[in-house]
Amino acid sequence: MSLRIHFSVNGTHKELLVESGETLLEMLRGRLGLTGVKRGCSVGECGACTVLVDGLNVDSCIYLAAWADGREIRTLEGLADGDDLNPVQQAFVDHGAVQCGFCTPGLVMTATAMAEKGIKLTRDEVRRELSGHLCRCTGYQNIMTAVEAVLED
Amino acid sequence: MKTLGKSLKRPDAITKVTGKAKYVADYQVKNMLVGKILRSNIAHGHITKIDVSKAKALPGVVAIISADDVPDIKFQPTGLPIASYPEPGMHADKNILTNYVRFYGDEIAAVAAVDVLTARKALELIEVEYEELPVYLNPQDAMTEGTVEIHPDSKNVLGRNEFTIGETDLAEAFERCDLVREDEFMVNPVQHCQMENHIAYAYMDEKERVVIVTSTQIPHIVRRVTAHALGLTANQVRIIKPYIGGGFGSKTDVCIEAIVASLTLAAGGKPVLIDMEREECMIGTRLRHAIQFKIKTGVNREGRILAKEMISVSNTGAYASHGHDIASKGGGNFFRTYPAELVTHFEGTTAYTNLPPAGAMRAYGIPQVNFAVESHMDDVASALGMDPVVFRKINMIQEGFVDPLKRNMVIENIGLDQCLDKAKDYIGWDKKRKQYSKCQTGDRRRGVGIACFSYGTAVWPYDLEVAGARMKLDPDGTLQLTMGATEIGQGSDTVFCQMASEITGIAYEHVLIEHINDTDHSPFDTGAYASRQCYVSGQAVKKAGLEIRNQILERAEHLSGIKVKDLDIVAGQIVEVNSKRLVISLMDIALKSYCSMELFGVIKSEVQVDVRSTAYAFGASAAEVEVDIKTGRVEILNICNVHDSGTILNPMLAKGQVHGGMSMSLGLGLSEVMLFNDKGKPLNNNLLDYKLPTIMDTPDFGVEFVETYEPTGPFGNKALGEPPAISPAAAVRNAILQATGVRVNQTPMNPQSLFERFTLEGLI
């Protein structure tokens, strides 16, 4: 069954016909070419596919495209303003938080949601907020440093 | 050094944080078919019937292949390294698809269809009947007399080697010891879990060549191996490697390339993509070998090791992959870090079983042997009543060590002693060791532990070490760098750019590296493994850079009349060395090299190097833990790694490597294990049930370096990529020993296993 949905992605209004079983991940990658959204497990375990839906970080692999109807979606592609990276992106670059880069899109989205809330968090709270993301390269250390640097500013 | 030694940012960092970096899945090829692999649902047996007719009739199915549709050619899915026993290529034991199933998940057929759902449906419609055979999950069962041979004439032994170094008879040497201790250890299988699953797509180009775009660490080797498996010549296959989402050794094997290529051939050259599911990737690629160890060490009263022996049995699973090399490398490592005064004996065996194949994984068998040896070292020290640090210091390798296993090379520049001191200081060893040695009786007990390691760089002298680099000065004065080496996330491209800048004098920002490897265009290099790239491929960058620099200065001499030796390149300008006066800008020279009547001749160089040396990296881990006796949970209060990797070329990236390696070692030590039922069926091949360390499990890591200078390295550097993954697990094990008095000789030291041990030991 196909459904017609209206939503915005990275500030642009979209209208699409999607399949009822289609995930938001499949829609963003397959129909809109937003390949910054990564597929690591397809079942909500690794967080690589995280996007923001109305400001909330969700695993797009277990979120139906149909649920995006009427909502505002943000992906990694929409964060920078021209050549100006958003503070989280910049911090990931500056603090060596990027290695293979496959977990990076999801983590940057979650950290962006955290930063935009503007709430001060302890180190343990930062860990908890990021705990839905797996990374095999970094041991999370430089990711923590980058996110904390953004939250402190 | 001007550029090296600085924490310069990765050239791919911005591309990666903005989502522009393209990985294999991101090349959206029009009309790409979806390829899916039918995997066996038994671990051992013959296929007596395979019927694809129903699947073939399904609308949308374009091609189906099974074992009879692919060449009957056995191949070894790895290229290098192949150790010096018995001869290269003897472990060709794999077919692209098989009629004889050797593990649960073995590849028996493959489908190409118009979409994922059709491909999956087609797999379900393939009818398979088996004649089941007994399943062997551990080497002892597999090697028992009279068992079914998983590979013909193997007796289920893939490889075996032994050596004795020292003149004294082993038994006699042990008799001369004041104390002899024997221990057994077991390191269980884990999986790489790089975030990007194995993925590849293939198509036939206009010249009827098979092009494979794949996530691999070894593009040139993949070309050779895949061509061989398909019965083609190497130049009929082209491999392209874009950005890679991690590998850690799992992508140093041909896992899906030959299958996806077979599918495109069956589909008339149409593009086909195999994008593995996580569950599939965790069993259908490679594991880290499970290895059992028996270690016996004899010491004199002063704590000097006189004799030692290790017997290891490694479980390679269903196929050889890297062969016996991994177990064999452990023997050398055992011999080297703490050389025995009289004699060292090693026997290693690698057995075939019906587990998924084990292959290379970060540090190539050394994390396993290190867990055993470093644990055993603490046990011997405690039997002697000696401080573990002191015991290690008495016995550790000293400069001038002559290594008979490495063509009698002399090992110099050993920073191990300083690493151990730094690690000890970092953790507050002297004070805490004393403090925690007082009898602890509560539910939460603390301890500190230490472990050292040594690790060889690259694979010489077992194999030739080759690398290539190409440089070209563009008309705007920027330098194009093309490497055969593969960036897989570790940061080698960054360091190659730094090296090029260092040598040529061209600004780091003006060195542009091609991140895509393409066997049609990239210089030959064997790829990313064995912590070899900065050491081996770095030599190629250095050589090409020197040639470029010389060509630039010769042009400047031609223009200015000032001799090359009196000229230098500084920040994009050619200056006179003494006066620092500007002679000409690099941009001028570059432009003239493309269009000047007088100076025409593009400035470029292409070099190939073969490196006939190795160098040992060293280091130590120290850990402080708190063990919750009632739950068996271990909390890391503090942990550090100290590395002697020679010169540190980019501290920020180097620390990043260490963090990731430490996390990987803690995973192996504390939480990760691949589980199978008694029929060989995997039980936790997903990221929920397999306990990959999360950010909640991961402590802050202390990282320090002891910078020695390694003269055989291009810039004084030696291995760094793999070493961080070696010693933290043993340091934690030894800290648990101090905290609880319990010797845990098996990984993972997870709450369940510790709870059971503590119950057994009467602690609970």
Side-chain angles (χ1 to χ4, degrees), chain A residues 21 26 29-30 33-46 48 75-80 83 85-86 88-108 123-124 126-144, chain B residues 7 9-10 12-23 25-28 116-117 192-197 243-248 275 277-279 487-491 650 652-653 655-664 666-667 686-688 692-696 698 700-701 703 724:
Chain A
E26 287 163 342
R29 285 184 60 89
L34 295 168
T35 55
V37 189
K38 299 298 179 218
R39 184 180 85 98
C41 71
S42 309
V43 287
E45 288 162 2
C46 77
T75 73
L76 193 65
E77 288 88 343
L79 296 184
D83 283 345
L85 302 179
N86 93 349
V88 175
Q89 290 172 310
Q90 190 62 53
F92 269 58
V93 173
D94 293 343
H95 294 281
V98 180
Q99 287 192 30
C100 85
F102 212 77
C103 72
T104 306
L107 274 153
V108 168
R123 199 166 168 83
D124 281 348
V126 172
R127 275 190 205 281
R128 195 164 291 281
E129 289 291 320
L130 297 176
S131 64
H133 295 271
L134 293 175
C135 168
R136 191 57 146 167
C137 295
T138 65
Y140 307 102
Q141 183 130 331
N142 289 350
I143 292 168
M144 280 293 293
Chain B
S7 290
K9 289 165 197 164
R10 304 174 65 104
D12 58 8
I14 291 174
T15 322
K16 285 177 175 175
V17 297
T18 52
K20 289 176 189 152
K22 281 193 165 186
Y23 299 73
D26 304 336
Y27 289 85
Q28 300 192 323
V116 178
L117 288 180
H192 310 69
C193 295
Q194 74 287 344
M195 293 316 297
E196 181 199 33
N197 290 313
Y243 282 115
I244 296 303
F248 310 112
D275 185 359
E277 299 298 329
R278 178 62 64 182
E279 290 75 6
E487 166 69 55
I488 61 166
Q490 78 282 52
N650 181 319
M652 183 168 78
L653 263 61
K655 282 185 184 167
Q657 286 297 296
V658 179
H659 298 149
M662 291 177 77
S663 163
M664 202 170 262
L666 290 184
N686 62 72
L687 294 175
L688 187 63
L692 195 71
T694 71
I695 199 167
M696 301 297 288
T698 306
D700 290 329
F701 297 121
V703 180

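Computed over heavy atoms, backbone and side chain alike; hydrogens, waters and symmetry mates excluded. In this text the structure is predicted, and so the values were computed from the model without any measurement.
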Can you tell me which portion of B/A25 sits under 4.5 Å from chain A's heavy atoms? Options are side chain, backbone, both or neither. both

With a 4.5 angstrom heavy-atom cut-off, could you sort out which part of A/R123 is near chain B: side chain, backbone, both or neither? side chain

Given that the side chain runs from C-beta out, which part of A/D94 has a heavy atom under 4.5 Å from chain B: side chain, backbone, both or neither? both

Region of B/N197 that comes under 4.5 Å of a non-hydrogen atom in chain A: side chain

Take a 6.0 Å sphere around CD1 of B/I14 and say whether it holds more than 12 heavy atoms from other residues, nucleotides or ligands. no

Need one label for A/T104: side chain, backbone, both or neither, based on atoms under 4.5 Å from any heavy atom in chain B. side chain

For the residue pair B/Q28 and A/G33, what are the closest heavy atoms and their distance? OE1-CA, 3.9 Å

What part of A/L79 gets closer than 4.5 Å to chain B, counting heavy atoms only: side chain, backbone, both or neither? neither

Let's test your reading of the structure: which of A/N142, A/V108, A/I143 forms the most heavy-atom pairs below 4.5 Å with chain B? A/N142

Assert top hit (heavy-atom pairs under 4.5 Å, partner chain A, pool B/G661, B/G491, B/S7, B/A13) equals B/A13

Max heavy-atom pair count under 4.5 Å with chain A, selected residue of B/E487, B/K20, B/E277: B/E277

For the residue pair A/C100 and B/I488, what are the closest heavy atoms and their distance? CB-O, 3.7 Å

Run the side-chain contact (heavy atoms from CB on, under 4.5 Å) check on A/K38 and B/D26 step by step: do they pass? CA-CA 9 Å; A/K38 299 298 179 218; B/D26 304 336; 2.5 Å; yes

Side chain to side chain contact (heavy atoms under 4.5 Å, CB included) against B/L688, all qualifying residues, sequence neighbours excluded: A/E45, B/N686

Interface residue of largest heavy-atom contact number with chain A, from B/I244, B/T15, B/T18, under 4.5 Å: B/T18

What's the shortest heavy-atom distance between B/Y243 and B/D12, and which atoms? OH-CB, 3.6 Å

Scored by heavy-atom pairs under 4.5 Å with chain B, the best of A/G21, A/C46, A/G101 is A/G101

Looking only at heavy atoms and a cut-off of under 4.5 Å, which of A/R29, A/E77, A/H133 has the most pairs with chain B? A/R29

I'd like to know which of B/V658, B/L653, B/D275, B/L666 tops the heavy-atom pair count under 4.5 Å against chain A. B/D275

Which region of B/M664, side chain (C-beta onward) or backbone (N, CA, C, O), has a non-hydrogen atom less than 4.5 Å from a non-hydrogen atom of chain A, or is it both or neither? both

Checking B/Q657 side chain against B/Q490 main chain: does a donor-acceptor pair fall under 3.5 Å? yes

Rounded to the nearest 0.5 Å, how far apart are CD of A/Q141 and NZ of B/K655? 9.5 Å

Taking the side chain as everything from C-beta on, heavy atoms only, tell me whether A/C135 gets closer than 4.5 Å to A/F102. no

Heavy atoms only, distances under 4.5 angstrom: which of B/M195, B/K9, B/Q194, B/R278 has the most pairs with chain A? Name it, please. B/M195

Non-hydrogen atoms of chain B under 4.5 Å away: do they reach the side chain of A/V43, the backbone, both or neither? side chain

Using every non-hydrogen atom in the two residues, find where B/P693 and B/S663 come nearest and quote the distance to one decimal. CG-O, 3.8 Å

